[in-house]
Each structure stands twice: as C-alpha cells, then as structure tokens.
Amino acid sequence: MDDLRDKYLTAIADAGDEAALEDLRVQAVGKKGEISLKMRELGKMTPEERQVMGPKLNALKDEINSALGARKQGLADAALDERLRTEWLDVTLPARPGRSGTIHPVSQVTEEVTAIFADMGFAVAEGPQVESDWHNFDALNIPGHHPARAEMDTFYMHRAEGDARPPHVLRTHTSPVQIRSMELQGAPLRVICPGRVYRADYDQTHTPMFHQIEGLAVDKDISMANLKWVLEEFVKAFFEVDGVDLRFRASHFPFTEPSAEVDIRCSWEGGTLKVGEGDDWLEILGSGMVHPKVLMAGNIDPAAWQGFAFGMGIDRIAMLKYGIPDLRAFFDSDLRWLRHYGFSALDVPTIRGGLSR
Ligand code: DAH
C-alpha cells in the first residue's frame with residue numbers, strides 16, 4: 001500500500017495537464033483501477049484482515065482523490081496565471097483612430113444649442129414622444145377643427161375598439177413640452193426642450209422623425225424685445241459670427257400672439273452658404289409671445305405673467321451650419337457618412353472652450 005501511495009502521489013504531482021491527471025485517476029481509482037481491484041479482494045479476506053485493510057484502502061482512495069483535485073486546481077490556477085501574463089492590454093494607450101466612433105451631427109448640434117441657452121439661464125426640459133392630443137394640440141390653442149391638425153400630417157396611436165377617448169399622437173412638435181413645463185414648474189420659468197418629433201412626410205428635406213428644440217421663458221414684464229435679444233445672442237453664438245442681421249417677419253401660430261418667423265442674412269455665393277453676409281434671407285425658426293390661452297392651459301395666470309416662445313428644427317440648423325445637403329442621410333446609419341460628418345467624442349461643446357472646434 002505504501003508503494004501504491006508513493007507511486008500515485010508522485011505521478012499526480014508530476015502530471016503536466018488535465019488529460020494526464022484523468023489517465024492517473026482511471027489507473028488508480030477508476031472501475032478497473034489498481035486500488036479498486038484491491039478493494040474487490042477485501043471479499044476474499046477473513047473478517048479480521050478486512051477490518052484492518054478496509055479502512056486503510058478507503059483512506060488511500062480518499063488521499064488519492066484529494067491529491068487529484070488539488071493538482072487539478074493547481075493546473076487551472078497556473079493556466080490562468082499564464083493567460084493573464086500573455087493576454088494583457090495597456091489601457092493607457094490611445095485608441096486606434098479607425099476604431100473610434102463619432103458624435104452624430106444631431107447630438108452635436110443639440111449639445112451646442114443647449115450650451116448656448118444654458119449660458120443664458122435656460123434649463124433643459126423633456127416630455128414624452130407619445131403625447132396626449134390635448135397637450136399636442138388643444139392646450140396649444142389648436143382646437144379639433146383647426147387646419148394645423150391636418151397640416152401636421154399627424155401619426156395617431158391605436159385605441160381599442162369601443163374606446164371613445166381621443167387617440168394619443170406621436171408629438172408633431174416640441175411645443176407640448178411648453179405645457180408640461182408650465183404644469184410642472186409654474187412661473188417664472190426658462191426652459192429649452194430638445195427632442196424627437198414625428199410627421200408623415202418624406203423627401204430631401206423631410207423625414208417622418210426629426211428633431212426640434214423649443215424655448216420658453218415666462219416671467220413678469222417679458223416682451224418681444226427680450227425675445228429678439230435672446231435669439232440674436234443665440235444665432236451669433238451658434239453660427240460663430242460676430243454680427244448677424246435677423247429679420248422678424250410677421251406670421252401666425254395658434255400658440256403665440258403676436259407671432260414672428262425669424263430669418264437670418266446669408267449668401268449662397270459659389271454654392272456655399274455664408275451666414276451674416278449677402279442679400280439672401282434664410283428662415284430658421286418660429287416664435288412669438290405666448291398666447292394667454294396657452295398660459296392658462298399651463299395653469300399660469302396671463303394677467304400676472306407673460307412669456308415668449310420659439311421653436312426650430314435641429315436637423316435643419318445642423319444642415320445649414322455644417323453644409324450637409326440631404327436630411328435623409330442623417331438617419332441612414334451609413335458609417336462612411338458618420339465618419340465624414342461626425343464629431344470627435346472628446347470635443348464637448350462649451351461656450352468658453354468653443355462650440356465646434
Ligand atoms: N411648433 C411650431 C412647429 O412645429 C414651431 C414654433 C413656432 C414653436 C412658434 C414655437 C413658436 O414655440 O412660438 O412648426
């Protein structure tokens with residue numbers, strides 16, 4: 001028995017891999033292994049002999065089994081150590097340029113606009129993309145028969161048969177976030193609301209999903225003058241020019257009175273857009289003084305408070321600023337397009353650090 005123990009314990013300690021260990025296990029304690037055969041011989045012994053040999057054989061079997069287990073664990077640990085030694089990665093090395101992703105122009109421009117308005121004291125507010133038709137229309141002074149409902153090519157959500165409530169809609173603009181912000185925060189209030197909006201429309205300048213950013217300021221003694229100043233500051237900062245002429249054109253929106261569409265001076269000389277010079281005008285947003293009915297829908301007393309609001313297309317101003325011709329390509333997920341028009345993930349737009357440099 002001592003010979004058997006020496007033989008196997010030495011072999012186990014020397015085994016170089018799991019396969020060698022398994023061979024040893026079969027040889028020693030497998031069904032026809034040496035120790036198993038010895039145990040079978042117990043049957044032929046006298047009871048006295050068996051009382052001595054039985055426990056000894058069992059102890060030897062246990063000893064060999066636990067040596068096998070310990071060696072197996074040792075081999076696994078050594079294999080892991082070896083992997084850790086060879087498969088290491090220096091995470092402080094710079095990323096490979098070809099492998100790094102880019103920031104989508106929509107995200108970049110949203111960050112730029114947010115940085116500019118944050119600097120003027122506007123907080124970011126959000127609302128749901130599946131919106132009640134009350135928030136999307138009625139609260140904004142667009143009643144059921146109003147032509148704006150048809151004009152917006154609204155996507156309606158499904159209602160179960162027999163459910164008479166008006167269906168929810170995919171919001172057609174970010175203006176309902178005005179109502180939600182007023183409901184939530186009350187006056188005074190200064191928010192911008194970027195997000196996705198939806199209309200059933202598709203051509204070179206329209207996609208069924210696109211992005212808008214809404215602005216709303218409610219306070220005492222707010223006037224058109226405040227609106228003009230804020231928008232001028234915004235346009236100068238966004239297009240990164242010192243001076244820019246804005247043209248406020250009388251217009252009509254149900255949720256503002258008076259209403260104005262805002263154009264910026266630009267030139268298309270040589271086929272490229274230059275903001276701030278030339279004799280052309282480019283429409284960039286809609287705006288106005290918040291209609292008293294809209295303030296009331298947001299539980300704000302129009303006798304005590306006034307506000308201005310504006311809304312613009314994020315994708316549209318991204319196309320203008322960065323010279324991107326086709327809106328549809330924004331949402332094609334074409335890697336070549338994303339590499340060409342995308343922005344570095346490490347250049348976060350800030351007012352002082354620069355928006356796009
Ligand atoms: N909601 C309008 C649209 O989608 C844009 C708009 C115009 C928003 C005037 C405003 C505003 O807040 O005052 O066409």
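Atoms considered below: every heavy atom in the structure, side chains included; atoms not considered: hydrogens, waters and symmetry mates. Owing to the predicted nature of the structure, the values given are computational and were not obtained by experimental measurement. All ligand and atom numbering here is 1-based and tracks the order in the structure.
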Provide the number and element of each atom of ligand 1 under 4.0 Å from a heavy atom of [X].
X      : answer
Gln178 : 12 (O)
Phe253 : 7 (C), 9 (C)
Thr256 : 13 (O)
Gly286 : 7 (C), 9 (C), 11 (C)
Ser175 : 1 (N), 8 (C)
Gln212 : 3 (C), 4 (O)
Gly288 : 13 (O)

Close side-chain approach of Arg171 to His135, heavy-atom, < 4.5 Å: no

What is the nearest protein non-hydrogen atom to [atom], stated with its residue, atom name and distance?
atom                    : value
atom 14 (O) of ligand 1 : Arg199 NH2, 3.8 Å
atom 6 (C) of ligand 1  : Phe255 CE1, 3.7 Å
atom 12 (O) of ligand 1 : Glu214 OE2, 2.6 Å

Between Phe117 and Phe310, does a ring-ring contact (aromatic ring centres under 6.0 Å, His included) hold up when you go through it step by step? CA-CA 12 Å; Phe117 281 105; Phe310 58 87; 5.3 Å; yes

Thinking salt bridges, do Glu41 and Lys44 make one under a 4.0 Å N-O criterion? no

From CA spacing to verdict: side-chain contact (heavy atoms from CB on, under 4.5 Å), Val294, Met182: CA-CA 10 Å; Val294 173; Met182 290 190 276; 3.9 Å; yes

Full working for side chain to side chain donor-acceptor pair (under 3.5 Å) between Ser267 and Glu277: CA-CA 6 Å; Ser267 109; Glu277 53 188 74; 4.6 Å; no

Between Phe255 and His173, is the ring centre distance below 6.0 Å?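 For Phe255 and His173, the ring centres are under 6.0 Å apart.
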
Would you confirm whether the ring centroid of Phe253 sits within less than 6.0 angstrom of the ring centroid of His291? no

Between Val177 and Trp134, is there a shared hydrophobic cluster once you connect ILVMFWY residues whose side-chain heavy atoms come closer than 4.5 Å?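 Val177 does not cluster with Trp134.
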
Purely on distance, is any nitrogen or oxygen of Ala309 under 3.5 Å from one on ligand 1? yes

